[in-house]
Number of protein chains: 2
Amino acid sequence: MFRQDALLDLAFQALADPSRRAMVDRLAIGPASVSELARPLALSLPGVMQHLAVLEASGLVRSQKIGRVRTCSIEPTAFRQAEQWIAERRALWERRLDRLGQFLEETKDE
Amino acid sequence: MFRQDALLDLAFQALADPSRRAMVDRLAIGPASVSELARPLALSLPGVMQHLAVLEASGLVRSQKIGRVRTCSIEPTAFRQAEQWIAERRALWERRLDRLGQFLEETKDE
DNA sequence: TAAACACTTAAGTAGAGCCTTAAGTAATAC
DNA sequence: GTATTACTTAAGGCTCTACTTAAGTGTTTA
């Protein structure tokens, strides 16, 4: 319960930054090295590393180092959880609107 | 393009805080006043107001004041956009994994 | 072995973010 | 008309973030 909530924190926090979303965009296509992630961003490499650390801490991305290059890739599970959290709230609200509309419809002629 | 990206920033930022997610949780059930939102939170009222301002700035929530009570409710559009952003990236990645699995399957006996 | 490469660590800084208390304002209830 | 209610504004403090430059470490290439 605590654990789950804290992870959502980290995931949404991670997605709140445009540089990190750009990194995710790149990774959605397929794995990439740190330098590849850095190339399109106007950031120093340490800056990119820090963003990567945030993404990894959130569980959205994982990476492994082979030789001198670190390869990063997307971890779909965390994406699914964040997506679901939003979807559930939206569904709840929309169901409510439906009921309300139905109620208005039914009582229209009173 | 810029506009859209900045709004996603604000939406994910807004969802990154557990107090704000609690407020959204409450609002998913139906509209509520500021005090109602505040009651379960261990926060001063101005604190809650600030969170509300963040939620409104992100477009996830809107509110209107009637008399002396401000009523808040969920704005589903912004939820849909955040949800879609995540879903698209996940779909892209999973499609890739499928292709990869298919490729491995096809070349298994070589 | 020396140079180049791909990170990695450390340290420092400017600005945001989250929270508080204190002091309003406007609407309702008594 | 005074008290209560329901917010609202302002100001300040403390922490966290996003970035930087400078100086490493370990791997490959020439």
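Letters go in sequence order (proteins before strands), and every chain restarts at 1.
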Would you indicate what A/Gly67 reaches in the nucleic acid, counting non-hydrogen atoms under 4.0 angstrom: base, sugar-phosphate, or nothing? sugar-phosphate
Per atom distances to the B/Pro46 side chain, the nearest of C/dC7, C/dA22, D/dA22 is C/dA22
Assert: residue with more 5' nearest nucleotide on DNA chain D, out of A/Val48 and B/Val34, is B/Val34
For DNA chain D, whose closest nucleotide is more 5', that of A/Gly47 or that of B/Glu36? B/Glu36
Please pick, from C/dC19, C/dA22, C/dA6, the nucleotide with the shortest atom-to-atom distance to any side-chain atom of B/Leu43. C/dC19
Would B/Gln13 and B/Ser58 count as a side-chain hydrogen bond (donor to acceptor under 3.5 Å, both in side chains) if you check the C-alpha gap in whole Å, the side-chain angles of each, and the deciding distance to 0.1 Å? CA-CA 8 Å; B/Gln13 189 82 258; B/Ser58 74; over 6 Å; no
Starting at atom CZ of B/Arg20, determine the distance to atom P of C/dG17, rounded to an integer number of angstrom. 9 Å
Between A/Arg68 and A/Leu52, the residue closer to the 5' end of DNA chain C by nearest nucleotide is A/Arg68
Measuring to OP1 and OP2 of C/dT8, would you say a side-chain N or O of A/Lys65 lies under 4.0 angstrom away? yes
Among C/dC7, C/dC19, C/dA11, which nucleotide sits nearest the side chain of B/Ser19? C/dC19
When the distance from CZ of B/Arg70 to P of C/dA26 is rounded to whole Å, what number comes out? 14 Å
Proximal nucleotide (of D/dT17, C/dA10, C/dA6) relative to the A/Gln13 side chain: D/dT17
When rounded to the nearest 0.5 angstrom, what is the spacing between CG in B/Leu55 and CG in B/Leu37? 9.0 Å
Below the 4.0 Å mark, does D/dA6 have OP1 or OP2 next to a side-chain nitrogen or oxygen of B/Ser33? no
For C/dG17, take OP1 and OP2 only and decide whether either is under 4.0 Å from a side-chain N or O of B/His51. no
What's the separation between atom CG in A/Leu15 and atom CZ in B/Arg89, rounded to the nearest 0.5 Å? 10.0 Å
CG/B/Leu7 to CH2/B/Trp85 distance, rounded to the nearest 0.5 angstrom? 14.5 Å
Of the nucleotides D/dT8, D/dT21, D/dA18, which one has an atom closest to the side chain of A/Val54? D/dA18
Between C/dA11 (C1') and A/Met49 (CE): distance, integer Å: 16 Å
Provide, to the nearest angstrom, the distance between the CG atom belonging to A/Leu10 and the C1' atom belonging to D/dC16. 13 Å
Is the phosphate of C/dC19 approached by B/Ser44 (side-chain N or O, under 4.0 Å from OP1 or OP2)? no
Between atom CG in A/Leu45 and atom C1' in D/dG26, what is the gap in whole Å? 15 Å
Spacing of A/Asp9 atom CG relative to C/dC18 atom P, expressed in whole Å: 10 Å
Distance-only donor-acceptor test, B/Gln50 side-chain atoms vs C/dT20 base atoms, 3.5 Å: yes
Among the candidates C/dC18, D/dA18, C/dT8, find the nucleotide nearest to the side-chain atoms of A/Asp17. D/dA18
Is it the case that A/Arg90 places NZ or CZ above or below the six-membered ring of A/Trp93, under 6.0 angstrom from the centre and within 45 degrees of the axis? no
State yes or no: do A/Leu41 and A/Val24 share one hydrophobic cluster built from I, L, V, M, F, W and Y residues joined by side-chain heavy-atom distances below 4.5 Å, directly or via other members? yes
